[in-house]
Enquirer: 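What follows is a structure written as structure tokens; I'll ask about it next.
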Amino acid sequence: MSRAVVFWEYGDPDVLRVVDVESPTPGPGEVRVRVRAAGVQPFDTNFRAGRLDWARARFPQRLGTEVAGVVDAVGPDVAGLAVGDEVLGAVSGGYADHVLARPDHLARKPADMPWAEAGGLAASGRTAVYVLRQLDVGAGDTLLVHAAAGGVGSMAVQVARARGAAVIGTASPRNHDHLTSLGATPVAYGDGLVERVRAVAPAGVDAALDAAGTEEAARASLELVGDQQRVVTIVGDSPAERLGIRMVSAQPTEEMLAELVDLYETGRLRVSVYRTFPLDRAADAHREVEARHVRGKVVLLTD
Ligand SMILES: NC(=O)c1ccc[n+]([C@@H]2O[C@H](COP(=O)([O-])OP(=O)(O)OC[C@H]3O[C@@H](n4cnc5c(N)ncnc54)[C@H](OP(=O)(O)O)[C@@H]3O)[C@@H](O)[C@H]2O)c1
């Protein structure tokens, strides 16, 4: 047997329950992962609350799209992975002791990478890589990231820095040291944002990523970046979309995980774990994410 977090109805975090389930058996082209850590993100909380028109639950519904763990069973027709391999990557239903995964959605976990960090890498990391490709961010660019201290923002800052861009990140003052440590110039959001950004980027801003979803972030981006093609939001149904800013839904590909792992192994990326919770406190983890002031990632641990 194995534990999994499920919900039977949309609602507040208390709809989440830990139940005993049969350990799944991997089919052709699948492996089973003994989950050690599972990242929690706004998608999960929005899905649980029934806020997403485009993602309908099938009750009892499981949650969790990113994990790290150990392969403990291998289905037919799987090459390149064996029982005992430590992996990280994208799954469906990762808030659990065991989850099935496709090998092409996994990467090998760096040996020295702590489980909590590994569990929080895939979803936000691949979103950051995808969005920066859409914005074509590279050396010589100055990128503005709104909500830079969050899960996606913290990754986007580091990936953009690794590509040679200068980064300005918005966050509340309590997170400014965090942004500096990631290589960004921190700026407080709130009244006067445009002037504060101009003060630290006198040569201008070339591109902007809105991960905040506020009207302030949208308007500031349009005012600061001349080319509207180089402004995107990742927040659906947000003021940015209503102001004509392109909404990007990440469509991750296999090689993005490899890129992120390489950045980690070469010391150019780290996963900031804000808080961890045991699996049976998934509801508390959701409350933390819904408070919208996470610094980096919230992660569930199974042991
Ligand atoms: N389109 C896609 O494919 C996609 C993929 C992933 C995520 N998303 C969406 O992208 C958004 C960000 O995701 P995430 O995982 O990074 O969220 P997150 O980790 O929950 O973001 C938390 C961060 O938001 C910051 N924040 C709160 N209010 C702010 C404001 N008014 N202005 C600027 N920053 C503010 C906080 O900074 P302070 O504590 O310093 O205030 C905190 O660090 C979410 O809406 C999520 O649903 C979309």
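Just so you know, ligand 1 is whichever comes first in the structure, and atom 1 is the first atom listed for that ligand.
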Enquirer: Side chains of Thr233 and His146 only: does a donor on one sit below 3.5 Å from an acceptor on the other?
Expert: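 There is no such pair between these side chains.
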
Enquirer: For atom 33 (C) of ligand 1, what is the nearest protein heavy atom, given as residue, atom name and distance?
Expert: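 Heavy-atom neighbour on the protein nearest atom 33 (C) of ligand 1: Tyr189 CD2, 3.2 Å.
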
Enquirer: What is the closest protein heavy atom to atom 3 (O) of ligand 1, and at what distance does it sit?
Expert: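 Sorting protein heavy atoms by distance from atom 3 (O) of ligand 1 puts Ala250 N, 2.9 Å first.
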
Enquirer: Show which atoms of ligand 1 fall inside a sub-4.0 Å distance from at least one heavy-atom site of Thr170.
Expert: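 Every atom of ligand 1 under 4.0 Å from some heavy atom of Thr170: 33 (C).
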
Enquirer: Taking Glu9 first and then Arg48, would you say they form a salt bridge - that is, a charged N and a carboxylate O separated by under 4.0 Å?
Expert: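 No salt bridge links Glu9 with Arg48.
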
Enquirer: Should Ala211 be listed as contacting ligand 1, given a heavy-atom distance under 4.0 Å as the test?
Expert: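 Judged by the 4.0 Å heavy-atom criterion, Ala211 does count as contacting ligand 1.
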
Enquirer: Tell me which donor-acceptor pairs under 3.5 Å the side chains of residues 275-283 have, and how far apart each pair is, sequence neighbours excluded?
Expert:
| unit_1 | atom_1 | unit_2 | atom_2 | d |
| --- | --- | --- | --- | --- |
| Arg275 | NH1 | Glu288 | OE1 | 2.7 |
| Arg281 | NE | Asp284 | OD2 | 2.8 |
| Arg281 | NH2 | Asp284 | OD2 | 3.1 |

Enquirer: Give the residue and atom name of whichever protein heavy atom lies nearest to atom 21 (O) of ligand 1, and the separation in Å to one decimal.
Expert: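 That would be Arg292 NH2, 3.4 Å.
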
Enquirer: If only side-chain N and O atoms count, and only distance matters, is there a donor-acceptor pair under 3.5 Å linking Thr65 with Gln41?
Expert: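 Side-chain D/A pair, Gln41 to Thr65: present.
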
Enquirer: When you measure from the heavy atoms of Ser249 to every atom of ligand 1, does any distance fall below 4.0 Å?
Expert: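 Yes, Ser249 has heavy atoms under 4.0 Å from ligand 1.
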
Enquirer: Any idea which protein heavy atom is nearest atom 18 (P) of ligand 1, and the distance to it?
Expert: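 Nearest protein contact, heavy atoms only, for atom 18 (P) of ligand 1 is Gly151 N, 4.0 Å.
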
Enquirer: How far is atom 40 (O) of ligand 1 from the closest protein heavy atom, and which atom is that?
Expert: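 Heavy-atom neighbour on the protein nearest atom 40 (O) of ligand 1: Ser172 OG, 2.6 Å.
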
Enquirer: Which ligand 1 atoms does Thr214 reach within 4.0 Å, using its non-hydrogen atoms?
Expert: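 The atoms of ligand 1 under 4.0 Å from a heavy atom of Thr214 are 31 (N).
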
Enquirer: So which protein heavy atom does atom 46 (C) of ligand 1 come closest to, and at what separation?
Expert: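 Going by distance alone, atom 46 (C) of ligand 1 is nearest to Pro42 CB, 3.7 Å.
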
Enquirer: Among all protein heavy atoms in this structure, tell me which lies nearest to atom 43 (O) of ligand 1, with the distance rounded to 0.1 Å.
Expert: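 Of every protein heavy atom, Val294 O, 2.7 Å lies nearest to atom 43 (O) of ligand 1.
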
Enquirer: Could you see which bit of Arg174 sits under 4.0 Å from ligand 1, with heavy atoms only: side chain, backbone, both or neither?
Expert: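 The side chain, only.
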
Enquirer: Quick one: salt bridge (charged side-chain N to carboxylate O under 4.0 Å, His left out) partners of Arg32, sequence neighbours excluded?
Expert: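 Partners of Arg32 by the salt bridge (charged side-chain N to carboxylate O under 4.0 Å, His left out) criterion, ordered by chain and then number, come out as Asp72.
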
Enquirer: Going through the checks in order, is the salt bridge (charged side-chain N to carboxylate O under 4.0 Å, His left out) test met by Arg268 and Glu259?
Expert: CA-CA 11 Å; Arg268 292 175 290 167; Glu259 178 178 344; over 6 Å; no

Enquirer: Using a heavy-atom cut-off of under 4.0 Å, does the side chain or the backbone of Lys297 touch ligand 1, or both, or neither?
Expert: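 Neither part.
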
Enquirer: Provide the number and element of each atom of ligand 1 under 4.0 Å from a heavy atom of Ala171.
Expert: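 With Ala171 as reference, the close atoms of ligand 1 come out as 40 (O).
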
Enquirer: Would you kindly say whether Lys297 and Ser124 are connected by a side-chain donor-acceptor distance under 3.5 Å?
Expert: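 Per modelled atom types, Lys297 and Ser124 side chains form a pair under 3.5 Å.
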
Enquirer: Can you list the ligand 1 atoms lying under 4.0 Å from a non-hydrogen atom of Ala149?
Expert: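 Answer, ordered by atom number: 43 (O).
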
Enquirer: Under the side-chain contact (heavy atoms from CB on, under 4.5 Å) rule, what do His98 and Arg3 come out as? Steps first, then yes or no, please.
Expert: CA-CA 8 Å; His98 296 92; Arg3 295 172 304 159; over 6 Å; no

Enquirer: Under 4.0 Å between a side-chain nitrogen and a carboxylate oxygen: does that hold for Asp12 and Arg287?
Expert: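 Between Arg287 and Asp12 there is no salt bridge, as every charged N stays at least 4.0 Å from the carboxylate O atoms.
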
Enquirer: Between Ala212 and ligand 1, find which residue part has any heavy-atom pair under 4.0 Å and reply side chain, backbone, both or neither.
Expert: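 Just the side chain.
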
Enquirer: Taking 4.0 angstrom as the limit, do Arg219 and Glu215 come out as a salt bridge?
Expert: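 Counted as a salt bridge, because a side-chain N and a carboxylate O are separated by less than 4.0 Å.
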
Enquirer: Would you mind telling me if ligand 1 is within reach of the side chain of Ile234, the backbone, both or neither, using heavy atoms under 4.0 Å?
Expert: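 Both the backbone and the side chain of Ile234 come within reach of ligand 1.
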
Enquirer: Note the single closest protein heavy atom to atom 37 (O) of ligand 1, along with its residue, its atom name and the distance in Å.
Expert: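 Nearest protein contact, heavy atoms only, for atom 37 (O) of ligand 1 is Asn175 ND2, 3.9 Å.
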
Enquirer: What I want to check is whether the side chains of Glu255 and Thr253 have a donor and an acceptor closer together than 3.5 Å.
Expert: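 Result is yes, a qualifying pair exists.
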
Enquirer: Can you tell me which portion of His293 lies within the under-4.0 Å heavy-atom range of ligand 1? Options are side chain, backbone, both, or neither.
Expert: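 Under 4.0 Å from ligand 1, His293 contributes backbone and side-chain atoms.
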
